[in-house]
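Right, one structure below, let's go through it.
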Number of protein chains: 2
Amino acid sequence: MITTRDIAERLGISVSTVGRALADDSRISEETKFRVRQAAAEMGYVANRAARMMRGASSNVVALVIPDIRNSFYSAIAHELSKNMEAQGYQLMLSETDDDRMVELRHLRELSANRVAGIIIVPTARPHSDSVKLLRAVPHLQLLRRHPSLGSQWFGVDDHEALRRATAHLVAQGHTRIAYVGGPVELPTGAERLRGFRSALQEGGLPDDAGRAELGPPASLAHGRETVRRLLEDPRAPTALVLGSIQLTLGVLEELSQQGVKVPEELSVVGFGDEPGFSWWGPGLTTVGLPIEEMATGCALWLMRRLTTKPSNDGPYTSVSPGSLVVRGSTAPPGGRQA
Amino acid sequence: MITTRDIAERLGISVSTVGRALADDSRISEETKFRVRQAAAEMGYVANRAARMMRGASSNVVALVIPDIRNSFYSAIAHELSKNMEAQGYQLMLSETDDDRMVELRHLRELSANRVAGIIIVPTARPHSDSVKLLRAVPHLQLLRRHPSLGSQWFGVDDHEALRRATAHLVAQGHTRIAYVGGPVELPTGAERLRGFRSALQEGGLPDDAGRAELGPPASLAHGRETVRRLLEDPRAPTALVLGSIQLTLGVLEELSQQGVKVPEELSVVGFGDEPGFSWWGPGLTTVGLPIEEMATGCALWLMRRLTTKPSNDGPYTSVSPGSLVVRGSTAPPGGRQA
DNA sequence: CCTCCGCGTGCTAACGTTAGCACTGCCTGG
DNA sequence: CCAGGCAGTGCTAACGTTAGCACGCGGAGG
């Protein structure tokens, strides 16, 4: 690799002069700058950021720590983030935790060793105490899920309100046996969504046994399929389904298609997230649309400001809109179409 | 940030000893090692990889340079790659080019400055000459698209064969007006897929005007919609459609659903890629399935070997299977279902 | 004529880590 | 009893870049 020293030797000048010329320092004559730049270009010089970092400069890398990039919500976030950061000269590091706190910890160690400038993280249910320590030392922002030990810098969705609205939509249509399939209560989002589901039932004046919650790994398509299979076998199968994660929704839709369940006649369904494909599934999936782009640009802007301004910026958190209910054809009063 | 020096001062020993203790050097007494490790853990020491890199060590970061992470093919690749690399202690850097050679160049400059250990890239149609220079200096592997100036390390799909099979399937059913909607010929993949399309027509003994190619940005869902709209307005609209990219397929499916086009009665469709949702679209989408996981693990393994072994490893390239045609309900002889 | 100033450049140290070499005791074999 | 070796540790230089300080030179003002 070419260094400033190589350039200096070739031009018969000092390393300092080369460095200053490349930094466009006002003290260097235009002629020298020109010669240095020319030589640098010819020799294919690329500054070594590791060396620069050792002089106290911070890195230009920001990490995104998420469960799984294949989840289209996260890939959308990654995309927006990447776009925003690139414009500011930052690079994006991608770390997948697979919702495993040990993997999360390993990643955080590496990110820390690499001295990333900032971290945007969707934390696992109960981050390892070392993970907490590591995060504390770096500007970070929690996304979606919020774990109290990680501070109050959080950017999320009003999960409670989102599921409340989704469920209320079914209650309003007269359903009295509604199942919720979502993530575990250990996850903050899981807990909130379940609470929203329960709130809607209660507000609708339904008895306690009207609702039924099936909780499990939220990132597993297979789990969605199995759960819906189990539910349908039940003699007192629900007449409506509310879903609490994108992956679960994908799994459930596949299974319902495959089993030829008539929606909404036999079963009403409200999904979570809005993927390409949800609009053309069966009669069109009624679903909770999420403000992905707003969230991603919000995150990017927050982090950029946090990294460029000196004082330990600390707006406590920003909750984004609860998501909008997109009503399509997959919901109807129990027993058939028509209200 | 805590450094080895801090630990050394606290324990009243030298920096070298601390360094060696942490590296588990055999010359250091067990007792000293223990004290150093304890102190390091207590103080939250994390080695600075930038400093280590300056001593000649290479970085543990590998970059993935792709057009758009939201494309599920790329997110699947990113996932597999990330999983494989994490196991080896590597981190993944994500760079999106948006198929813009200038953005690509900017990213490559940054990656180069950060001294990434390796790069896996889906190059733009005509990479900037500086991009070529930069890539030459780093172990890299082309994915899917292959640009001659970037060397022969390539991991891809047999695009010609994939599209040939897809088209042949339609020809076999008797279609004589077939349209291909795909990426531009400037992209190696675009050229190959178009060639495959043409080959199948020729092999089927169809006249030159049987086929019609509509080329445009492959990553644009909107372009897929517009193209199909335009095709349907044509008095001599095709009776079958072959698609040449995942995003275009998504767009086309949405438009066909929205317009209520009867598939396969009015139009047969063969898609590209196999997304969740393709199976439940209309009568089920006949499509070209891609060996995503095999490719991703293949890439990861190649790169790992390339990075860990000394000699400039140079298997010229590896072409993966042509993709398997997944036959569902969206294809039938012209004019209706049934053969 | 001398001093002072500013322009352009060079020297040197520093960042955190690592590796080569040197040093100090102590123990063993001749 | 002495030489040599080894275990355990310290000193120092080096990686590439940058910033503070110093230096030389020429011109302007006293």
Side-chain angles (χ1 to χ4, degrees), chain A residues 1-37 39-40 43-61 89 109-117 137-138, chain B residues 1-37 39-40 43-61 89 109-117 137-138:
Chain A
M1 274 291 171
I2 308 296
T3 71
T4 46
R5 184 178 179 167
D6 297 323
I7 301 180
E9 279 174 4
R10 165 155 158 183
L11 297 182
I13 58 181
S14 78
V15 208
S16 323
T17 305
V18 173
R20 281 194 272 256
L22 292 172
D24 203 19
D25 190 303
S26 64
R27 291 172 298 178
I28 301 296
S29 71
E30 284 306 320
E31 196 227 333
T32 307
K33 282 186 191 172
F34 178 79
R35 293 204 306 144
V36 169
R37 284 185 199 135
M43 303 170 74
Y45 169 78
V46 180
N48 185 338
R49 201 176 303 270
R52 192 173 292 172
M53 276 173 66
M54 287 200 45
R55 296 266 330 156
S58 71
S59 84
N60 71 144
V61 177
R109 276 204 226 280
E110 286 299 330
L111 296 177
S112 195
N114 281 45
R115 299 291 191 268
V116 295
V138 183
Chain B
M1 275 291 171
I2 309 295
T3 70
T4 45
R5 184 176 178 168
D6 298 323
I7 301 180
E9 280 174 3
R10 167 155 157 184
L11 297 181
I13 58 180
S14 78
V15 208
S16 325
T17 305
V18 173
R20 280 194 273 257
L22 292 172
D24 202 19
D25 189 303
S26 65
R27 290 172 298 178
I28 302 296
S29 72
E30 285 306 320
E31 196 227 333
T32 306
K33 282 186 192 173
F34 179 79
R35 293 204 306 142
V36 169
R37 284 186 198 135
M43 303 169 75
Y45 169 78
V46 180
N48 186 337
R49 200 176 304 270
R52 192 174 292 172
M53 277 173 65
M54 287 200 46
R55 297 262 333 154
S58 71
S59 83
N60 71 146
V61 177
R109 275 204 227 281
E110 288 298 330
L111 296 176
S112 196
N114 282 62
R115 297 294 191 268
V116 295
V138 183

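We name chains A, B, ... by the order of the sequence lines, and we start the count at 1 in each one.
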Distance in Å, A:Arg52 CZ paired with A:Ser59 OG, rounded so as to fall on 0.5 Å steps: 12.5 Å
B:Asp6 side, atom CG; B:Met43 side, atom CE - distance, nearest 0.5 Å: 5.0 Å
For the student: nearest non-hydrogen atoms of B:Ile2 and B:Tyr45, plus distance: O-CD1, 3.4 Å
Dot-bracket line, read 5' to 3' along DNA chain D, where crossing pairs take [ ] and | marks a partner on another strand, Watson-Crick or G-U under 3.5 Å: ||||||||||||||||||||||||||||||
Spacing of OG1 belonging to B:Thr32 relative to CZ belonging to B:Arg27, to within rounding of 0.5 Å: 13.0 Å
All side-chain contact (heavy atoms from CB on, under 4.5 Å) counterparts of B:Asn48, not counting sequence neighbours: A:Arg115, B:Ala50, B:Ala51
Touch class at under 4.0 angstrom, heavy-atom based, for B:Ala57 against every strand present: nothing
Interatomic distance, B:Ile7 CD1 vs D:dT9 P [rounded to whole Å]: 15 Å
Derivation of the side chain to side chain contact (heavy atoms under 4.5 Å, CB included) call for B:Asp24 and B:Arg37: CA-CA 10 Å; B:Asp24 202 19; B:Arg37 284 186 198 135; 3.0 Å; yes
In a table with atom names and distances, give each donor-acceptor pair under 3.5 Å that connects a side chain of residues 10-23 of chain B to protein atoms at least two apart or in another chain.
| unit_1 | atom_1 | unit_2 | atom_2 | d |
| --- | --- | --- | --- | --- |
| B:Arg10 | NH2 | B:Glu42 | OE1 | 2.4 |
| B:Ser14 | OG | B:Ser16 | N | 3.4 |
| B:Ser14 | OG | B:Thr17 | N | 3.3 |
| B:Ser14 | OG | B:Thr17 | OG1 | 3.0 |

Whole angstrom value for the distance that separates P of D:dA14 from CE of B:Met54: 13 Å
Atom-to-atom span, CE of A:Met1 to C1' of D:dT17 - whole angstrom: 16 Å
Nearest-angstrom distance from the residue atom CZ of A:Arg115 to P of C:dT17: 7 Å
Sugar-phosphate, base or nothing in reach of A:Ala50, heavy atoms under 4.0 Å: nothing
Distance, rounded to the nearest Å, where B:Arg5 contributes CZ and C:dA14 contributes P: 9 Å
For atom CZ of A:Arg52 and atom P of D:dG16, their distance in whole Å: 15 Å
Nearest atoms (heavy-atom pairs only) where A:Asn60 meets A:Gly89: OD1-O, 3.2 Å
Min side-chain heavy-atom separation A:Val61-B:Asn114 under 4.5 Å: yes
Euclidean distance, atom CG of residue B:Asn48 to atom P of D:dT17 [Å, nearest integer]: 16 Å
Distance, nearest 0.5 Å, that separates CE of B:Met54 from CE of A:Met53: 11.5 Å
Residues in contact with DNA chain C, drawn from residues 14-21 of chain A - heavy-atom cutoff 4.0 Å: A:Ser14, A:Ser16, A:Thr17, A:Arg20
Closest-nucleotide 5' rank along DNA chain D - winner of B:Ala51 and B:Ile13: B:Ile13
Interatomic distance where CE belongs to B:Met53 and C1' belongs to D:dA14 [whole Å]: 16 Å
Partner residues of A:Glu30 under the side-chain contact (heavy atoms from CB on, under 4.5 Å) criterion, sequence neighbours left out: A:Lys33
Those residues of residues 26-37 of chain B lying under 4.0 Å from DNA chain C by at least one heavy atom: B:Arg27
